[in-house]
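Here the structure is laid out as structure tokens; the discussion comes afterwards.
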Amino acid sequence: MVCSTAKKTNCISLLIILLQFFVCASVACAADAKPKRVLLINSYHTGYRGSDDMQRGFITTLQKTLPGTDLTVDYLDAKHHAGAEYQRMMLELFHYKYQNQRFDLIFSADDDAFNLLEQYHDSLFPDTPVIFAGTNFFQPARLQGKTLIAGIDERPSFDQGLKLLLQLHPDTREIVVVHDSSLPGQINSTAFKEAAISFEQRVQFSYLAGLTMEQLQSRVRDVKAGTVLFYFASFITDAAGNRISSNDGLRRLSEVCQSPIYGGWEFNLGNGIVGGSL
């Protein structure tokens with residue numbers, strides 16, 4: 001099963017259903033059954049708002065559904081490190097850390113964690129059920145022939161966001177898109193460009209990725225009248241090479257940009273975007 005949703009409340013409800021689906025039978029087996037062991041694999045790092053919210057929602061749901069669960073949380077830190085060599089080392093580390101451990105359930109947050117489990121589930125955690133969430137534009141065909149895996153897809157409503165933007169700002173002549181060059185950033189950018197095709201006769205699109213915070217601030221400081229920004233960067237790097245979080249980067253851009261900024265993620269609200277189809 002793969003579910004697509006943009007609403008956090010729906011995600012939490014679906015997580016409750018999935019949790020009950022995987023574990024209710026074993027919970028009912030005996031009153032003195034041992035506490036369940038759950039592993040949560042977060043693709044990113046503590047402090048990254050998107051996965052933090054997802055993780056918090058899952059843990060809250062888990063504690064209500066299965067009080068006393070023994071929970072282990074592991075981070076892949078994929079916003080700061082990437083590439084084949086890093087993935088190989090992470091795989092070796094997981095084999096070493098978990099070779100003699102058994103879990104009743106694994107929760108996978110975002111793409112990198114699920115990619116790891118998709119490829120190495122049988123060798124790392126044989127016969128352990130997996131719930132995933134936050135994967136970007138997940139293709140159900142990836143689950144063909146697999147068992148004990150279910151999840152929630154993350155699919156921004158870029159087409160609806162653009163319709164709303166042009167409805168509220170009908171004089172818009174250019175949309176400047178700010179995103180990042182990470183794997184999810186590339187996937188989201190591709191999806192945005194597909195959605196933008198329907199609007200290219202009406203407005204011009206330009207895309208900013210891979211620029212430093214200082215370069216972005218310079219680019220958006222003096223945008224022409226009739227320009228609106230569309231922001232879905234999960235991080236921005238400054239001139240010194242430091243990673244700036246999505247919300248912090250958004251706040252810094254909104255401080256110097258006089259144009260409205262739209263977005264695709266609920267967690268950006270209150271940090272500089274005026275809204276969007278979130």
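- The backbone N or O of Arg37 lies less than 3.5 Å from no partner atom in the side chain of Arg102, so there is not a single donor-acceptor pair.
- Contact detail for His179 and Ala209: the closest heavy-atom pair is CE1-CB, 3.3 Å.
- Annotation: the span from Lys224 atom NZ to Glu174 atom CD amounts to 5.5 Å, rounded to 0.5 Å.
- Tracing side-chain contacts under 4.5 Å through hydrophobic residues (I, L, V, M, F, W, Y), one reaches Leu162 starting from Trp265; they form part of the same cluster.
- With salt bridges taken as basic N to acidic carboxylate O contacts below 4.0 Å, one links Arg252 and Asp248.
- Judged purely by atom type and a 3.5 angstrom limit, Asp153 has no side-chain atom pairing as donor or acceptor with the backbone of Arg155.
- In this structure, OG in Ser51 is found 8.5 Å from CZ in Phe267, a value given to the nearest 0.5 Å.
- Side chains of Leu39 and Thr128 form no contact here, defined as non-hydrogen atoms less than 4.5 Å apart.
- Remark: Arg251 CZ is packed, more than 12 non-hydrogen atoms of other residues, nucleotides or ligands lying under 6.0 Å away.
- The two residues Gly161 and Phe230 come nearest to each other via the heavy atoms C-CE1, 4.2 Å.
- Looking only at side-chain heavy atoms (C-beta outward), Glu255 and Gln217 stay at 4.5 Å or farther from each other.
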Full working for side-chain contact (heavy atoms from CB on, under 4.5 Å) between Leu105 and Lys36 | CA-CA 8 Å; Leu105 181 71; Lys36 300 301 169 185; over 6 Å; no

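- The shortest distance between side-chain heavy atoms of Thr60 and Lys64 falls below 4.5 Å.
- Of the possible polar contacts, none joining the Asp74 side chain to the Ile41 backbone as a donor-acceptor pair under 3.5 Å is found.
- Of the inter-residue distances, the one linking Ile244 atom CD1 with Thr237 atom OG1 reads 7.5 Å to the nearest 0.5 angstrom.
- Aromatic rings from Tyr98 and Phe103 are positioned such that their centres are separated by under 6.0 Å.
- The backbone N or O of Gly47 lies less than 3.5 Å from a partner atom in the side chain of Asp52, making a donor-acceptor pair.
- Of the possible donor and acceptor atoms, none in the side chain of Gln160 sits under 3.5 Å from a partner among the backbone N and O of Ser277.
- No donor-acceptor pair closer than 3.5 Å links the side chain of Ser181 to the backbone N or O of Gly210.
- Residues Ile175 and Phe199 form no side-chain contact, since every pair of their non-hydrogen atoms from C-beta on lies 4.5 Å or further apart.
- Annotation: side chain of Asn247 is in contact with side chain of Asn268 (closest heavy-atom distance under 4.5 Å).
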List the steps, then state whether side-chain contact (heavy atoms from CB on, under 4.5 Å) holds for Ser198 with Asp159.
-> CA-CA 8 Å; Ser198 301; Asp159 56 342; over 6 Å; no

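- Using modelled atom types, one side-chain atom of Asn271 and one backbone atom of Leu269 make a donor-acceptor pair closer than 3.5 Å.
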Please test Arg88 against Glu92 for salt bridge (charged side-chain N to carboxylate O under 4.0 Å, His left out), starting from the C-alpha separation and ending with a verdict.
-> CA-CA 6 Å; Arg88 183 190 65 77; Glu92 289 183 0; 2.5 Å; yes

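- At a threshold of 4.5 Å between non-hydrogen side-chain atoms, the residues Met54 and Asn42 do not count as touching.
- Between Phe132 and Phe138, the distance from one ring center to the other falls under 6.0 angstrom.
- The same ILVMFWY cluster, assembled from side-chain heavy atoms under 4.5 Å apart, contains both Ile149 and Phe125.
- Leu66 CG to Thr61 OG1: the interatomic distance, rounded to the nearest 0.5 Å, is 11.0 Å.
- Of all the heavy atoms in Pro260 and His169, the pair that sits closest is CG-CE1, 3.5 Å.
- No donor-acceptor pair under 3.5 Å is formed between the side chain of Asp110 and the backbone N or O of Asp112.
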Would Ser254 and Tyr231 satisfy side-chain contact (heavy atoms from CB on, under 4.5 Å), going step by step from the backbone distance to the final call?
-> CA-CA 11 Å; Ser254 65; Tyr231 180 96; over 6 Å; no

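- Residues Asn115 and Asp111 have side chains that never bring a donor and an acceptor to within less than 3.5 angstrom of each other.
- The shortest non-hydrogen separation linking Asp238 to Ala240 is OD1-N, 2.9 Å.
- In this structure, OG in Ser259 is found 6.5 Å from CG in Leu229, a value given to the nearest 0.5 Å.
- By the 30° and 60° cut-offs, the orientation of the rings of Phe158 relative to Phe232 is tilted.
- The distance from the CG atom of Leu148 to the NE2 atom of His121 is 6.5 Å, given to the nearest 0.5 Å.
- Glu214 approaches Ala239 most closely through the heavy-atom pair OE1-N, 2.9 Å.
- Under the 4.5 Å side-chain contact rule for hydrophobic residues, Leu166 and Leu164 share a cluster.
- In this structure, the side chains of Tyr120 and Leu116 come closer than 4.5 Å at one or more pairs of heavy atoms.
- Using a distance-only test at 3.5 Å, with no hydrogens or angles considered, a donor-acceptor pair links the side chain of Ser43 to the main chain of Ala113.
- Not one N or O on the side chain of Asp70 forms a donor-acceptor pair closer than 3.5 Å with the backbone of Pro35.
- Phe235 and Val178 end up in different hydrophobic clusters when Ile, Leu, Val, Met, Phe, Trp and Tyr side chains are linked at under 4.5 Å.
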Run the numbers on Thr69 and Gln63 for side-chain contact (heavy atoms from CB on, under 4.5 Å), then give the verdict.
-> CA-CA 7 Å; Thr69 296; Gln63 291 172 341; over 6 Å; no

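- Hydrophobic clustering (side-chain heavy atoms under 4.5 Å, transitive across Ile, Leu, Val, Met, Phe, Trp, Tyr) groups Leu278 together with Leu253.
- For the pair Thr190 and Lys193, the minimum side-chain heavy-atom distance is 4.5 Å or more.
- Counting non-hydrogen atoms of other residues, nucleotides and ligands closer than 6.0 Å to CD of Glu85 gives a total above 12.
- Between Tyr75 and Met90, the shortest heavy-atom distance links the atoms O-CE, 4.1 Å.
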